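Values below: all heavy atoms of this structure, side chains included; hydrogens, waters and symmetry mates excluded. Numbering starts at 1 and runs along the sequence shown. It should be emphasised that the depicted structure is a prediction, and the values quoted were computed from it without experimental measurement.
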Amino acid sequence: MKAEIRAAVAGDIDAIVADIRPADVAEMEALGTTPERALREGLALSDWSATGTLDDVPVCMFGVGCHSVMGGIGRPWMLAANGLERAQVPFLRACRPVVRAMQDSYPRLINVVDARNTTAIRWLRWLGFKFDIGRQIVGGQEFVGFRLGSW
């Protein structure tokens, strides 16, 4: 099993959407979008984005975009296919350097995650994100805010 991270391209989107995790579908529905639209917008609007592959098959796409230039705040994001679960350990090892690279562009990172998405919350906590910036209702669902960096 070969797990890699490489630059994201639009052609990765169909493979990820074809096997998208149900938690990501639910989160995107609550946000009023679809996984495909969110990936296309993420790819188009992010400062940089990457795709995680397993045996050359795209299993996740992630990136970071600007939340506040003046505040040095970025908004990280990620959507994943079910296939990511087959290679959790290699991807977990690769994630910390990716988050550090995000912080090279934006020393402070902030976003929200669907409170039902326990896998994503566990992963974000493992990466060092803090969940102390409140909760909000979006699309009838509870979302929790997370952050990383000096605030």
Side-chain angles (χ1 to χ4, degrees), residues 3-17 20-21 23-54 58-81 83-85 87-139 141-151:
E4 294 182 314
I5 294 176
R6 60 164 171 73
V9 296
D12 298 334
I13 294 171
D14 289 341
I16 295 167
V17 169
I20 195 79
R21 292 178 338 114
D24 287 341
V25 172
E27 186 169 346
M28 293 305 102
E29 285 176 355
L31 292 171
T33 191
T34 65
E36 181 178 3
R37 188 174 337 142
L39 287 167
R40 292 196 187 287
E41 289 175 2
L43 184 60
L45 300 175
S46 292
D47 295 335
W48 63 264
S49 54
T51 294
T53 64
L54 180 58
V59 293
C60 66
M61 186 181 288
F62 54 90
V64 65
C66 181
H67 179 75
S68 168
V69 173
M70 296 297 289
I73 303 170
R75 188 171 294 275
W77 59 272
M78 182 176 114
L79 292 174
L84 180 63
E85 293 182 15
Q88 282 183 355
V89 173
F91 282 113
L92 283 172
R93 287 187 188 130
C95 287
R96 283 194 171 137
V98 169
V99 171
R100 283 192 295 274
M102 288 180 180
Q103 288 190 287
D104 287 344
S105 299
Y106 299 101
R108 299 186 295 172
L109 301 172
I110 189 170
N111 208 339
V112 296
V113 62
D114 189 324
R116 300 170 295 175
N117 196 341
T118 57
T119 299
I121 292 168
R122 205 169 36 249
W123 173 72
L124 289 162
R125 279 199 172 108
W126 184 83
L127 288 170
F129 285 88
K130 305 294 182 211
F131 286 83
D132 59 357
I133 57 173
R135 297 175 177 268
Q136 56 188 298
I137 302 299
V138 180
Q141 296 300 321
E142 183 179 18
F143 278 68
V144 292
F146 61 88
R147 67 178 177 85
L148 185 67
S150 299
W151 291 82

Which atoms form the tightest heavy-atom contact between Ala94 and Pro97, and what is the distance?
-> O-CD, 3.3 Å

Smallest heavy-atom separation, Ile20 atom then Ala80 atom, equals CD1-O, 3.4 Å

Please report the C-alpha distance between Phe143 and Asn111 in whole Å, then the side-chain angles of each, then the deciding distance to 0.1 Å, and finally whether the side-chain contact (heavy atoms from CB on, under 4.5 Å) criterion is met.
-> CA-CA 10 Å; Phe143 278 68; Asn111 208 339; over 6 Å; no

Met61 and side-chain contact (heavy atoms from CB on, under 4.5 Å): which partner among Leu79, Ile13, Val9?
-> Ile13

Atom CD of Gln141 and atom CD of Gln136: how far apart are they, to the nearest 0.5 Å?
-> 13.0 Å

May I ask you to test the Leu84-Met78 pair for a side-chain heavy-atom distance under 4.5 Å?
-> yes

So, for Pro58 and Arg6, which heavy atoms are closest and what is the spacing to 0.1 Å?
-> CG-NH2, 4.0 Å

What distance separates Asp114 CG from Asp24 CG, expressed to the nearest 0.5 Å?
-> 9.5 Å

Please tabulate, for the side chains in residues 125-133, all donor-acceptor contacts under 3.5 angstrom to protein atoms that are two or more places apart in sequence or on a different chain.
residue, atom, partner, partner atom, Å
Asp132, OD1, Arg147, NE, 2.8
Asp132, OD1, Arg147, NH2, 3.4
Asp132, OD2, Arg147, NH2, 2.7

Hey, what do you get for OG (Ser68) to CZ (Arg75), rounding to the nearest 0.5 Å?
-> 10.5 Å

Under 3.5 Å donor-acceptor pairs involving side-chain atoms of residues 27-35, not counting sequence neighbours:
residue, atom, partner, partner atom, Å
Glu27, OE1, Asn117, ND2, 3.0
Thr34, OG1, Arg37, N, 3.0

Distance from Leu148 atom CG to Leu124 atom CG, nearest 0.5 Å?
-> 9.5 Å

With rounding to the nearest 0.5 Å, note down the distance linking CG in Asp14 to CD in Glu36.
-> 6.0 Å

Nearest heavy-atom pair of Gly52 and Phe62: which atoms, and what distance?
-> N-CE2, 4.3 Å

Heavy-atom side-chain contact between Pro76 and Gln103 under 4.5 Å = no

Checking Arg108 side chain against Gly71 main chain: does a donor-acceptor pair fall under 3.5 Å?
-> yes

Val144 to Ala115 - nearest heavy-atom pair and separation = CG1-CB, 4.3 Å

dist Ile5:CD1 -> Thr53:OG1 (nearest 0.5 Å) comes out at 8.5 Å

Which atom pairs, one a donor and one an acceptor, fall under 3.5 Å between side chains of residues 42-50 and the rest of the protein, sequence neighbours left out?
residue, atom, partner, partner atom, Å
Ser46, OG, Gly42, O, 2.6
Ser46, OG, Trp77, NE1, 2.7
Asp47, OD2, Tyr106, OH, 2.1

So, for Ala120 and Val113, which heavy atoms are closest and what is the spacing to 0.1 Å?
-> CB-CG2, 4.0 Å

